[in-house]
Participant: 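Here it is, the structure in full.
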Amino acid sequence: MTVESTAARTPRRSAGSKAGTTGTKRTRTTAKKDAGTEPQLVQLLTPEGKRVKNAEYDKYVAGITPEELRGLYRDMVLTRRFDAEATSLQRQGELGLWASLLGQEAAQIGSGRATREDDYVFPTYREHGVAWCRGVDPANLLGMFRGVNNGGWDPNSNNFQLYTIVIGSQTLHATGYAMGVAKDGADSAVIAYFGDGASSQGDVAESFTFSAVYNAPVVFFCQNNQWAISEPTEKQSRVPIYQRAQGFGFPGVRVDGNDVLGVLAVTRWALERARGGEGPTLVEAFTYRMGAHTTSDDPTRYRGDEERQAWEAKDPILRLRRYLEASNHADEGFFAELEAESEALGKRVREAVRAMPDPDHFAIFENAYADGHALVDEERSQFAAYQASFADEGGN
């Protein structure tokens, strides 16, 4: 589904241009609004599936068609099905680990569909929905978690970087890439994903500083799912995360992360700012991690059932279904076909994972140095001897 034109845009402006001044005014306005007791929250679709008007952001989804709405719903359903299959595969011993996105589908699909083909995405390790939007085969995401590769896709084929396990470091990579985009004179944008826990990392603060000073065309997209493993958000920040942007000199906005239309609109706005030369933006998608941090985590040890139940009432897929049904944009036939498609996807992913070949145990030594190295040769020989020690006397 195409949701953004690839037509050329206005050439990038410098930080001191009129566009940069507009960005500063927006920051000051945001700061004034945030002086109230409650954080501002952009929401276009309520948990009950009611469409609400928003004077600032409605224009970014004004032309959306029923077909595109069904496409957003399909994206979220298939992403959730793939995620559930991956979790099951880990429990069956087919994967070493899995980081579920359950509950965060709207944040990922809405932002992913806001990007253009020539934009570049820097994910963490949970952006399965964004990967889906960028055309990465779900089966390719699982190779790293199965331990057969370090990433199963070419980042430059989809402008989607490999998953980043080190917390927060991808924001630095995204900022540097965005600075390069600006120097090249391109009108594309960069988007970097991270979680509320990663917002406490020094790498993120450094990224904010560099992107602001160099007016880099980057969107920092924070999925605030309320828990950094077992630490709640209030132990990460004394203020709402999106307000941190003010201290670095660029705008921040909080959007209902379970509202796919709101996320789509806000991310489009932020990406257009970046492409237009107005510098970085911090988007905080206020959402919730329904499952465990990863399959090695037990969330029942640090949060109650009541909290999860309250967030389940805000389910991103259910609210869009309610809107589709109330607007007569989808019928039972559509939902039935999608259910069958999701089951077929689960089956395909399951079969693909189990058919993945084991990697060449010695490949890691071949990719350390271009021209070889004595120490690597020694380590290769030691590893070969170790492998050979498992063979019995008969050579079996």
Participant: Spell out, as yes or no, whether a donor-acceptor pair under 3.5 Å connects the side chain of D58 to the backbone of N54.
Facilitator: yes
Participant: Could you grab the distance from atom OG1 of T300 to atom CZ of R303, nearest 0.5 Å is fine?
Facilitator: 9.5 Å
Participant: Taking R244 for its side chain and G252 for its backbone only, find out whether a donor-acceptor pair lies under 3.5 Å.
Facilitator: no
Participant: Does a sphere of radius 6.0 Å around CD1 in I364 hold more than 12 heavy atoms from other residues, nucleotides or ligands, not counting ones at 6.0 Å or beyond?
Facilitator: no
Participant: Take atom CZ of F248 as the centre, draw a 6.0 Å sphere, and report whether it contains more than 12 heavy atoms from other residues, nucleotides or ligands.
Facilitator: yes
Participant: Taking salt bridge (charged side-chain N to carboxylate O under 4.0 Å, His left out) as the criterion, tell me which of R350, R348, R91 meets it with E85.
Facilitator: R350
Participant: Between CD of Q161 and CD of Q170, what distance do you get to the nearest 0.5 Å?
Facilitator: 10.0 Å
Participant: Provide the closest heavy-atom pair for P47 versus R322 in the form atom of the first, atom of the second, distance.
Facilitator: O-NH1, 2.9 Å
Participant: Check whether F286 and V263 end up in the same hydrophobic cluster, where Ile, Leu, Val, Met, Phe, Trp and Tyr are linked by side-chain heavy atoms less than 4.5 Å apart.
Facilitator: no
Participant: What verdict does the side chain to side chain donor-acceptor pair (under 3.5 Å) test give for Q43 and T46, after you've listed the backbone C-alpha separation in whole Å, the side-chain angles of each residue and the deciding distance to 0.1 Å?
Facilitator: CA-CA 7 Å; Q43 185 184 81; T46 70; 5.5 Å; no
Participant: For Y288 and W227, run ring-ring contact (aromatic ring centres under 6.0 Å, His included): C-alpha distance rounded to whole Å, both residues' side-chain angles, the deciding distance at 0.1 Å, then the answer.
Facilitator: CA-CA 8 Å; Y288 190 73; W227 290 93; 7.9 Å; no
Participant: Minimum heavy-atom separation for L101 to R126, with atom names?
Facilitator: CB-O, 3.9 Å
Participant: The test is salt bridge (Lys or Arg N to Asp or Glu O under 4.0 Å); show your working for R308 and E312 and say whether it passes.
Facilitator: CA-CA 6 Å; R308 177 183 169 118; E312 284 178 342; 2.7 Å; yes
Participant: In this structure, would I229 and L102 fall into the same cluster of hydrophobic residues linked by side-chain contacts under 4.5 Å?
Facilitator: no
Participant: Donor-acceptor check, side chain of R70 to backbone of H329, threshold 3.5 angstrom: yes or no?
Facilitator: yes
Participant: Any side-chain to backbone donor/acceptor pair from D297 onto A292? Under 3.5 Å, distance only.
Facilitator: no
Participant: What is the distance from atom CG of L320 to atom CD of E105, rounded to the nearest 0.5 Å?
Facilitator: 12.0 Å
Participant: Measuring from L44:CG to Y323:OH, what's the distance to the nearest 0.5 Å?
Facilitator: 10.0 Å
Participant: Scan V283, V219, T281 and name whichever one has a side-chain contact (heavy atoms from CB on, under 4.5 Å) with V266.
Facilitator: V283
Participant: Compute the ring centroids of F160 and F122, then answer whether they are less than 6.0 Å apart.
Facilitator: no
Participant: Just by distance, do the side chain of D119 and the backbone of R116 share a donor-acceptor pair under 3.5 Å?
Facilitator: yes
Participant: More than 12 heavy atoms of other residues, nucleotides or ligands under 6.0 Å from CZ of F362: yes or no?
Facilitator: yes
Participant: Measuring from atom CZ of F208 to atom CG of L172, what distance do you get when rounded to the nearest 0.5 angstrom?
Facilitator: 10.5 Å
Participant: How long is the gap from CG on D83 to CG on L78, to the nearest 0.5 Å?
Facilitator: 12.5 Å
Participant: Would you check if the side chain of S381 reaches a backbone N or O of D377 as a donor-acceptor pair within less than 3.5 Å?
Facilitator: yes
Participant: Testing Y163, Y125, F82 one by one against W98 for a ring-ring contact (aromatic ring centres under 6.0 Å, His included), which residue passes?
Facilitator: F82
Participant: I'd like to know if the side chain of R134 and the backbone of E117 have a donor-acceptor N/O pair within less than 3.5 Å.
Facilitator: yes
